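A short worksheet on the structure shown next.
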Amino acid sequence: MEHNDNRMLIMLGDGMSGRDVPSLGGRTTIEAANTPALDTVARLGASALMYVAGPGQPIGSDTSHMALLGYDPFAYYRGRGPLEARGVGIELQPGDVAFRCNFATIDERTRNVIDRRAGRPQFSTQPLCEAVAAACREEIDEAEVIFEASVEHRAALVLRGEGLDYRVTDVDPHEEGVPPAECRPVDGLSPEDEKRARKTAEIVNKFVAVAERVLPDHEINVKLREEGKPIINTVLPRGAGEAVALPPFSQTHEGLRGAMVVEVDLIRGLAAYADMDLIDVPGATGKRDTDELAIAAAVAESLERYDIILCNIKAPDLGGHDRDPEQKIEAIEKVDRAVGYLLDTLDWSRVVMMIGADHCTPVTVGNHTGDAVPVAFHGVGVRRDLVERYSEREAACGGVGQILGCDVLTVLRNFAGRIEKFGA
Ligand code: ZN
Ligand code: ZN
């Protein structure tokens, strides 16, 4: 292989892909959005359909990003909690059990969950975390409780102590209109593991009880009540896990230096475990108001220093979960503007880019589905195909065919001329 330093770029709209939407005349939100830049990438380059984990397998953002970085999620994944915890800056120690949590609103009388995301608070929930953690220090002595805020309704909980086990069930019922579930050991554990999991579950249930006692009278809720808004009165832990052991990215990809520009703590945590650099972008909020041009500028600037950058803009996924086609289309158009900036800025004789999504979040479903997502490659080495537009339907005719998430780095490295021949 002749040495070169061509650069590789993965640009993702989180959950950007979807299904046919009746109110959009049967088009997907990508098809309904105005996406001149994404279409240019498809027209100048080559498209493919991508099953990120495998045909029909719905996946989370964490497992999808593992696959896209070349780590088999079925082999490495140890639950979502540790990624969220690392993402908010908690250094996990061996034996720690980590959860991702939602702040939520429950009915004060029946305890039925009214809103699993507590109205997606647009302010910091760190004071709520501190109040709950302080009360836990007084009342829970079986383990140390670390509780830190992430964006919007999200937070991370870490239990640190002797004899814990991550194999416990979610408190989050994953639906509204029912009360939070009791945490208990998962089925099928050995008696020894079961004992540790039971201890862990009991601490989690205590933590939730403490939260429900402390939160209603917190000054943030006093203010929300005054404003006539729903209060934040419980915490729903889920996705228990233990620290992930990933080989460093540069080791699994022959010395390539990789970095991420990502908005979600969960994926930021993955960067930490994969030993990839994180590039912070002021104005990248992970929400609908994110500054997509600041993100694009940071990507362009970082490509000077890294062989490969992965960038994820979160907003489209939010519109999908909210089942709001207009919101999702607006977010897709944000991704388009970021890609447009890169088309104008980068030297495409020495950069190859893939645009795409990490999974589908159809507005007709409100959650992730296992349908294939459209991707398009553009830049150095790419053999142009006949596809004219970036969309689910057109990508099915793409020149790169059908790929899996774990193929992406191989495909990019081939275009870039940065992969060794197999055989003589
Ligand atoms: Zn995602
Ligand atoms: Zn999602």
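All heavy atoms count here, side chains included; hydrogens, waters and symmetry mates do not. Because the structure is predicted, anything quoted here is derived from the model rather than measured.
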Distance-only donor-acceptor check, side chains [X] and [Y], under 3.5 Å:
X: N312; Y: D14; result: yes
X: N102; Y: R238; result: yes
X: E263; Y: T285; result: no
X: T361; Y: H359; result: yes

How many angstroms lie between [atom1] in [X] and [atom2] in [Y], if you round to the nearest 0.5 Å?
X: I10; Y: L310; atom1: CD1; atom2: CG; result: 5.0 Å
X: L342; Y: W348; atom1: CG; atom2: CH2; result: 6.0 Å
X: H218; Y: N233; atom1: NE2; atom2: CG; result: 13.5 Å
X: R257; Y: S302; atom1: CZ; atom2: OG; result: 12.0 Å
X: L270; Y: D62; atom1: CG; atom2: CG; result: 8.0 Å
X: M11; Y: I295; atom1: CE; atom2: CD1; result: 7.5 Å

Determine yes or no for a side-chain-to-main-chain donor-acceptor pair under 3.5 angstrom, with [X] supplying the side chain and [Y] the backbone.
X: E31; Y: T28; result: yes
X: Y71; Y: F249; result: yes
X: Q126; Y: A149; result: yes
X: Y341; Y: A300; result: no
X: Y273; Y: P82; result: yes
X: N221; Y: L224; result: no
X: R27; Y: L24; result: yes
X: N6; Y: A416; result: yes
X: D317; Y: K314; result: no
X: D107; Y: R109; result: yes

Non-hydrogen atoms of [X] and [Y] that approach each other most closely:
X: A197; Y: D165; answer: N-CB, 3.7 Å
X: S47; Y: V387; answer: OG-CG1, 3.7 Å
X: T290; Y: G286; answer: OG1-N, 3.9 Å
X: A98; Y: A85; answer: CB-CB, 4.1 Å
X: N205; Y: C183; answer: OD1-N, 2.9 Å
X: G18; Y: C360; answer: N-SG, 4.1 Å

Side chains of [X] and [Y]: closer than 4.5 Å at any heavy-atom pair?
X: L303; Y: V351; result: yes
X: P374; Y: I30; result: yes
X: E392; Y: S17; result: yes
X: V145; Y: L157; result: yes
X: H65; Y: L12; result: yes
X: Y306; Y: I279; result: yes
X: V113; Y: T105; result: no
X: R19; Y: D371; result: yes

Salt-bridge criterion met for [X] and [Y] (N-O under 4.0 Å):
X: R78; Y: E242; result: yes
X: R80; Y: E84; result: no
X: R111; Y: E212; result: yes
X: K229; Y: E227; result: yes
X: K199; Y: E142; result: no
X: R393; Y: D20; result: yes

Apply side-chain hydrogen bond (donor to acceptor under 3.5 Å, both in side chains) to residues D336 and T35 and explain how you reach the verdict.
CA-CA 6 Å; D336 187 77; T35 56; 4.6 Å; no
Side chain to side chain contact (heavy atoms under 4.5 Å, CB included) with V352: of H378, R7, R413, M8, only one passes, and it is M8
Step by step, work out the side-chain contact (heavy atoms from CB on, under 4.5 Å) result for Y77 and M66.
CA-CA 8 Å; Y77 194 59; M66 273 189 174; 4.1 Å; yes
Does the salt bridge (charged side-chain N to carboxylate O under 4.0 Å, His left out) test come out yes or no for K334 and D291, once each step is laid out?
CA-CA 9 Å; K334 257 181 185 292; D291 185 345; over 6 Å; no
Reference residue D322; test salt bridge (charged side-chain N to carboxylate O under 4.0 Å, His left out); the match among R288, R120, K287:
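Running salt bridge (charged side-chain N to carboxylate O under 4.0 Å, His left out) over R288, R120, K287 with D322 returns exactly one hit, R120.
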Output, in order, the C-alpha distance, side-chain angles, deciding distance and verdict of salt bridge (charged side-chain N to carboxylate O under 4.0 Å, His left out) for R198 and E194.
CA-CA 6 Å; R198 185 161 303 283; E194 213 265 348; 2.6 Å; yes
[atom1]/[X]: more than 12 non-hydrogen atoms of other groups inside 6.0 Å:
X: D289; atom1: CG; result: yes
X: E139; atom1: CD; result: yes
X: R117; atom1: CZ; result: yes
X: Q122; atom1: CD; result: yes

Working note: V168 + F99, criterion side-chain contact (heavy atoms from CB on, under 4.5 Å); need CA distance, chi angles, decisive distance, verdict.
CA-CA 10 Å; V168 296; F99 301 78; 3.8 Å; yes
Centroid separation F147 to F207 less than 6.0 Å
yes
Let me see the working for I403 and V408 under side-chain contact (heavy atoms from CB on, under 4.5 Å), right down to the final yes or no.
CA-CA 8 Å; I403 61 173; V408 165; 4.1 Å; yes
For the residue pair R154 and F103, would you count it as a cation-pi contact if the rule is NZ or CZ under 6.0 angstrom from the ring centre and within 45 degrees of the ring axis?
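Not satisfied by the 6.0 Å and 45° rule.
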Run the numbers on M16 and Y390 for side-chain contact (heavy atoms from CB on, under 4.5 Å), then give the verdict.
CA-CA 12 Å; M16 184 160 71; Y390 176 70; 3.7 Å; yes
